[in-house]
Amino acid sequence: MIVLKTPEEIARIRLSGRVVHEALQAMQKAIVPGVSTTQDLENAAIEVLTRHGATSPFLGYKPSGHPPYPAWTCVSVNDELVHGVPGRRVLQDGDIVSCDVGCLLNGYYGDSAWTFAVGSISAEAERLMRVTREALLRGIEQARPGNRVGDIGSAIERYVRKAGFSVVREMVGHGVGKALHEEPQVPNFGRPGTGVLLQEGMTLAIEPMVNAGGREIRTLADGWTIATADGSLSAHFEHTIAITDKGPVILTQGS
């Protein structure tokens, strides 16, 4: 069931989104090539969330077939596209690192992810990040009353494929609000004019995951981390947005 949000509820999701945005900024500031571990980035986010009285919906999350997720955030490096478990890995100059943060504050969730450069990165890594970020914005632009979910996915996939990259199909965006994962699912591919009708009051997490190589993925031995099957780089950008009569409004950019 799709839950339409009131303006007051959207304002509460925006408050959670501000905390998520601040946590992501703190994670970026914690990056020191050759020094910082993925756990250091996790710790930076934990400090922000706890200071605001928020909790992480990721910690202990246990979908069917998975062990409980053991961390507050997801930190995925290079060929890891999502669900990377923070730990002792040291970030090196030239890496790219995707940070995914969820927040539960006063009964409402925010969800966002961003991929950051570690020191000086290759031109191809920079282009992958730029294309993925722009694909997110093109998907968001389609999140308007009267459009359909397929319009979002189609805009993302068309832009990514034109750039010579591939969209991951198994991992999708989703509704978000009083639950971290609500209906509808929001794939990063699709056909225009198909899928669920978009309505004012819907709140969605749109999150393209884009691979420099093929779209195939694999799960690592920890049971959580998802990586590219061919070892190519992957980038991940995500915003929580609200659909309004004036168009899409981003709730996780700190404003």
Side-chain angles (χ1 to χ4, degrees), residues 2-30 41-61 63 69 71-76 82-84 86 97-116 132-133 136-137 139-141 143 149 152 171-186 188 198-209 235-244 247-255:
I2 295 173
V3 180
L4 301 181
K5 313 304 190 301
T6 66
E8 292 76 19
E9 289 178 306
I10 290 172
R12 291 191 178 192
I13 297 170
R14 186 194 293 271
L15 289 176
S16 293
R18 287 174 178 165
V19 176
V20 168
H21 177 76
E22 185 178 336
L24 286 168
Q25 286 185 312
M27 295 175 86
Q28 182 181 26
K29 289 177 182 176
L41 274 59
E42 157 98 341
N43 293 342
I46 291 174
E47 190 282 326
V48 172
L49 291 171
T50 55
R51 176 159 41 84
H52 285 280
T55 58
S56 168
F58 297 173
L59 182 64
Y61 181 68
Y69 189 73
W72 287 55
T73 68
C74 301
V75 184
S76 309
V82 72
H83 300 163
V97 55
S98 299
C99 299
D100 192 353
V101 178
C103 166
L104 174 59
L105 181 65
N106 297 323
Y108 289 85
Y109 291 84
D111 192 7
S112 183
W114 219 251
T115 300
F116 302 114
T132 309
R133 187 168 56 245
L136 169 62
L137 297 177
I140 290 172
E141 176 61 25
V149 164
I152 296 174
M171 320 299 294
V172 301
H174 50 89
V176 62
K178 281 192 171 182
L180 178 64
H181 296 115
E182 297 183 348
E183 291 296 326
Q185 291 191 346
V186 186
N188 298 304
L198 302 179
Q199 304 175 64
E200 182 180 352
M202 292 173 71
T203 47
L204 307 174
I206 300 174
E207 50 176 324
M209 299 167 209
H236 178 202
F237 287 85
E238 174 186 22
H239 270 312
T240 297
I241 64 102
I243 298 177
T244 76
V249 175
I250 299 174
L251 304 178
T252 47
Q253 62 181 3
S255 58

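Among residues two or more places apart in sequence or in another chain, the side chain to side chain donor-acceptor pair (under 3.5 Å) test is passed with Glu47 by Arg51. Considering only residues two or more places apart in sequence or on other chains, His83 meets the ring pair (Phe, Tyr, Trp, His ring centres under 6.0 Å) condition with Trp224. Under the ring pair (Phe, Tyr, Trp, His ring centres under 6.0 Å) criterion, His174 pairs with His181, not counting sequence neighbours. Taking Ser16 as the reference, nothing meets the side chain to side chain donor-acceptor pair (under 3.5 Å) condition, with sequence neighbours excluded. Taking the side chain to side chain donor-acceptor pair (under 3.5 Å) definition, one finds that Ser76 meets it with nothing, sequence neighbours left out. His239 is linked by a ring pair (Phe, Tyr, Trp, His ring centres under 6.0 Å) to Trp114, counting only residues two or more places apart in sequence or in another chain.
What you find for Ala71 and Ser56 is that their closest heavy atoms are O-OG, 4.5 Å. Shown here for Ser112 and Glu238, the closest heavy-atom pair between the two residues is OG-O, 2.7 Å. Summarising the geometry of Ala143 relative to Ile243, their closest heavy-atom pair is O-CG1, 3.6 Å, with the distance given to 0.1 Å. Ala44 approaches Ala26 most closely through the heavy-atom pair CB-O, 3.7 Å. Closest non-hydrogen pair, Pro184 versus Val149, comes out as CG-CG2, 4.2 Å. Here the shortest heavy-atom pairing between Glu183 and Gln185 reads OE1-N, 3.8 Å.
Between atom CE of residue Met202 and atom CG of residue Leu4 there is a gap of 7.0 Å, rounded to the nearest 0.5 Å. Note that the CG atom of Asp100 and the OG1 atom of Thr115 stand 9.5 Å from one another [nearest 0.5 Å]. Interatomic distance, CG of Asn43 versus CE of Met27, reported as 9.5 Å (0.5 Å rounding). Here the CD1-CD distance, from Ile10 to Glu200, works out to 7.5 Å after rounding to the nearest 0.5 Å. To the nearest 0.5 Å, the span separating OG1 on Thr132 from CD on Glu207 amounts to 12.5 Å. Rounding to the nearest 0.5 angstrom, the gap separating the CG atom in Leu137 from the CZ atom in Phe237 is 9.5 Å.
The side-chain heavy atoms of Val75 and Val97, taken from C-beta on, include a pair separated by under 4.5 Å. Contact annotation: the side chain of Val82 never approaches that of Cys74 to less than 4.5 Å [non-hydrogen atoms, C-beta and beyond]. Residues Cys99 and Gln28 are not in side-chain contact: their nearest non-hydrogen atoms beyond the backbone lie 4.5 Å or more apart. No side-chain heavy atom of Pro86 sits less than 4.5 Å from a side-chain heavy atom of Trp72. Contact of the Thr73 side chain with the Leu41 side chain is not registered, since no non-hydrogen atoms from C-beta on lie closer than 4.5 Å. His52 has its side chain within reach of Glu22: a pair of non-hydrogen atoms, C-beta onward, lies under 4.5 Å apart. Between Pro7 and Thr244 there is no side-chain heavy-atom pair separated by less than 4.5 Å. Inter-residue side-chain proximity for Leu49 and Thr55 is flagged as unmet; no heavy-atom pair is nearer than 4.5 Å.
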Going through the distances and angles, do Leu204 and Leu198 end up as a side chain to side chain contact (heavy atoms under 4.5 Å, CB included)? CA-CA 10 Å; Leu204 307 174; Leu198 302 179; 4.3 Å; yes

Should Val186 and Val172 be marked as a side chain to side chain contact (heavy atoms under 4.5 Å, CB included) after you check the CA-CA gap, both sets of side-chain angles, and the distance that decides it? CA-CA 6 Å; Val186 186; Val172 301; 5.8 Å; no

Applying side chain to side chain contact (heavy atoms under 4.5 Å, CB included) to Thr252 and Leu24, what does each step give before you reach the verdict? CA-CA 10 Å; Thr252 47; Leu24 286 168; over 6 Å; no

Any chance you could lay out the side chain to side chain contact (heavy atoms under 4.5 Å, CB included) test for Tyr109 and Val20, step after step, and finish with the verdict? CA-CA 9 Å; Tyr109 291 84; Val20 168; over 6 Å; no

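Residue-environment remark: CD (Glu9) exceeds the threshold of 12 foreign heavy atoms within 6.0 Å. A 6.0 Å sphere centred on CZ of Arg12 holds no more than 12 heavy atoms belonging to other residues, nucleotides or ligands.
Remark: the backbone N or O of Val176 is paired with a side-chain donor or acceptor of Thr203 at under 3.5 angstrom. With Thr240 contributing its side chain and Gly110 its backbone, the two residues share no donor-acceptor pair below 3.5 Å.
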